[in-house]
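When a residue number appears, it is its place in the shown sequence, counting from 1. Both counts, for ligands and for their atoms, begin at 1 and track the order of listing. Remember, it's a predicted structure, so these values are computed and weren't measured experimentally. Computed over heavy atoms, backbone and side chain alike; hydrogens, waters and symmetry mates excluded.
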Amino acid sequence: PRRVVTGVQPTGSMHIGNYFGAVRRCVRLQDQGEDLMVFVADLHSLTTHQDPARLQENTLEVTACLLASGLDPSRTVLFAQSAVSRHAEMAWVLTCLATHARLAHLPQYKEKAAAMKEVPLGLLLYPVLQAADILLYRATHVPVGADQLQHLQVASQLVRTFHHRYGRAFPTPRPLLPEEGADRVRSLRDPARKMSKSDAEAKSRVLLSDPDDLIALKIRKAVTDFTPQVTFEPETRPGVANLVRIHCLAEDKTPEEAVEEADGLTTGQYKALVAAALARALRPVRAEAAAAAAGARCARAAAPPGRAAGRPPA
Ligand code: ATP
Ligand code: MG
C-alpha cells in the first residue's frame, strides 16, 4: 500500500513555490483518498539559526497555511516533527550509516553553508534527518519540489545500506514530482535560483499572505529581460518563463495557452495579467489562513506563556 509523507520547514512564511510545488499537490492527494502525513519540520529548521520566538510564530503560521490550503486533519495526519521524538532517534541510527563525503557534496548544503561563517553540523545532517522522517513512517512516496531530489536519493541509499547491514525493513521511497513548472518556481529577483523562504530578499518571493497590491508590486519588479514579447523559452529567457509558469500554475493551463493569451502584450502588460491571475488563485487561501492565524493569536493571548510552553501551572 502507498503511504505519502512530506514536510514544510517553519523557516518563514510559505511562498507560492511551496504552495504549488508541494502543498496544493498534497491537498489533491488527500482528496484522492491517499494515506497522507504532513508535518511542520521544526527540527529541520534548527539547521539554520532560528530565533525561538520567531520559530514558534512561524510554526503557527505554516500550520495555518497548511490548513488554509485545504489539508484536513480528519483525513490527513498533520503534526509538528518535534512532537514525535523518534525522528531524532531514527536520525541518529541513520547518521551512523551516512558518510561525510556524500553529504558534503550536496548542492543545497554547499549553497546554504557558503552563506555562513560557522556551519552547524545539523546543516550537513539535514538529509539524514529527512531520511529518518520518511523511513520512520515507511513512506512509499514523497511529494516534493525538484530541489529535494538529491536528498531523496540519499534516503534511498540509506535504505540500501540499512538493509545490507541489518536486514530488510523499509520500502524505497519514491519522489512524487509536480508537473513541469511547479517543480521549481524561480526567484523573482534572480531566475537562476529557486524561490526560497530563507532568501534574504523579500521581493524574491510571493507569500501566501501577500495582499493583492503587494503581489502586483513583486511581479511588476520581477527580473525579466529587454525583449518586449512574451515567449516561453526557459533556457534563454528564464525570467519571462518563470512568469509564464506562475501564470500556468495559477490558472491550471499549459505554457502554450498562456503564451497565446499574452499575444500582443508586452512583458510589462503581461506582468499585470499574471499578478491578477495569481491574486485570484491565492485569495481564498489567504482569507482562510488569516482566519486561522487570528484564532491562534487570540488563543495565545489568552494563555500564559509558561503553560503554553508545556510547563505545569505554578
Ligand atoms: P528554505 O529556504 O528555508 O529551505 P524552502 O522555501 O526551500 O525554505 P522548504 O520548507 O525547504 O521550503 O520546502 C518545503 C517544500 O516546498 C518541499 O517539498 C520543497 O521541495 C518545496 N519547494 C521549496 N521551494 C520550492 C520552489 N521554489 N518551487 C517548487 N517547490 C519548492
Ligand atoms: Mg528548502
| Nearest neighbour in protein (non-hydrogen) for atom 2 (O) of ligand 1 | Ser198 OG, 2.5 Å
| field | Those atoms of ligand 1 less than 4.0 Å from some heavy atom in Ala22 | value | 15 (C), 16 (O), 18 (O)
| query | Does the side chain of His151 come under 3.5 Å of the side chain of Gln130 through a donor N or O and an acceptor N or O? | reply | yes
| Considering only the protein, which heavy-atom contact is closest to atom 4 (O) of ligand 1, and what is its distance? | Lys112 NZ, 2.7 Å
| request: With heavy atoms under 4.0 Å as the rule, classify the contact between Ser196 and ligand 1 as side chain, backbone, both or neither. | output: both
| said: Looking at Arg174, I want to see if its CZ is surrounded by more than 12 non-hydrogen atoms of other residues, nucleotides or ligands under 6.0 Å. | reply: no
| said: Side chain or backbone, does Gly7 bring an N or O within less than 3.5 Å of an N or O on ligand 1? | reply: no
| field | Atoms of ligand 1, numbered as shown, that sit under 4.0 Å from any heavy atom of Gly21 | value | 29 (C), 30 (N)
| query | Can a donor-acceptor pair be found between the side chains of Thr59 and Asp42 at a distance below 3.5 Å? | reply | no
| request: Considering non-hydrogen atoms only, spot the tightest contact between Val144 and Leu152 and give its length. | output: CG2-CD1, 3.7 Å
| task | May I ask you to check whether Glu233 and Thr231 show a side-chain donor-acceptor distance below 3.5 Å? | result | yes
| query | Which heavy-atom pair separates Val5 from Phe39 by the least distance, and what is that distance? | reply | CG1-CE2, 3.9 Å
| message | Can you confirm whether or not the ring centre of Phe170 sits under 6.0 Å from the ring centre of Phe162? | response | yes
| When you measure from atom 29 (C) of ligand 1 to every protein heavy atom, which one gives the shortest distance, and what is it? | Ala182 O, 3.1 Å
| message | Working to the nearest 0.5 angstrom, can you tell me the gap between Lys197 NZ and His15 NE2? | response | 5.5 Å
| message | Please check whether Arg186 reaches ligand 1 - meaning an N/O of the residue sits under 3.5 Å from an N/O of the ligand, judged on distance alone. | response | no
| Is ligand 1 under 4.0 Å from a heavy atom in the side chain of His15, in the backbone, in both, or in neither? | side chain
| remark: min-distance protein heavy atom vs atom 3 (O) of ligand 1 -> Thr11 OG1, 2.8 Å
| Which segment of Asp147 sits under 4.0 Å of ligand 1 when only heavy atoms are counted | side chain
| request: Looking only at protein heavy atoms, identify the closest one to atom 31 (C) of ligand 1 and say how far it is in Å. | output: Gly17 O, 3.6 Å
| task | Return the residue, atom name and 0.1 Å-rounded distance of the protein heavy atom closest to atom 27 (N) of ligand 1. | result | Val185 O, 2.8 Å
| task | Decide whether an N or O pair under 3.5 Å exists between Gln148 and ligand 1. | result | no
| Is there a nitrogen or oxygen of Gln108 sitting under 3.5 Å from a nitrogen or oxygen of ligand 1? | no
| query | Between Ala216 and Ala275, what is the shortest heavy-atom contact and its length? | reply | CA-CB, 3.7 Å
| task | List the steps, then state whether ring-ring contact (aromatic ring centres under 6.0 Å, His included) holds for Phe79 with Tyr137. | result | CA-CA 13 Å; Phe79 63 105; Tyr137 301 107; 5.8 Å; yes
| So, does Glu288 use its side chain to make a donor-acceptor pair with the main chain of Val285 at under 3.5 Å? | no
| Is it the case that Gln9 and Ser45 place a side-chain donor and acceptor less than 3.5 Å from each other? | no
| request: Look at the side chain of Asn242 and the backbone N and O of Pro191, then say whether any donor-acceptor pair between them is shorter than 3.5 Å. | output: no
| remark: Closest to atom 8 (O) of ligand 1 by heavy-atom distance, out of Lys194, Lys197, His44, is Lys197
| field | Atom indices of ligand 1, in the order listed, that fall short of 4.0 Å to a heavy atom of Gln9 | value | 3 (O), 4 (O), 10 (O), 11 (O)
| request: Answer side chain, backbone, both or neither: which part of Met195 comes under 4.0 Å from ligand 1, heavy atoms only. | output: both
| said: Below a 4.0 angstrom heavy-atom separation, can you tell me which part of Asn18, side chain or backbone, both or neither, approaches ligand 1? | reply: both
| remark: Under 4.0 Å between heavy atoms, the region of Glu111 that gets near ligand 1 turns out to be neither
| request: Please confirm whether Gly145 comes within less than 3.5 Å of ligand 1 when only nitrogen or oxygen atoms on both sides are compared. | output: yes
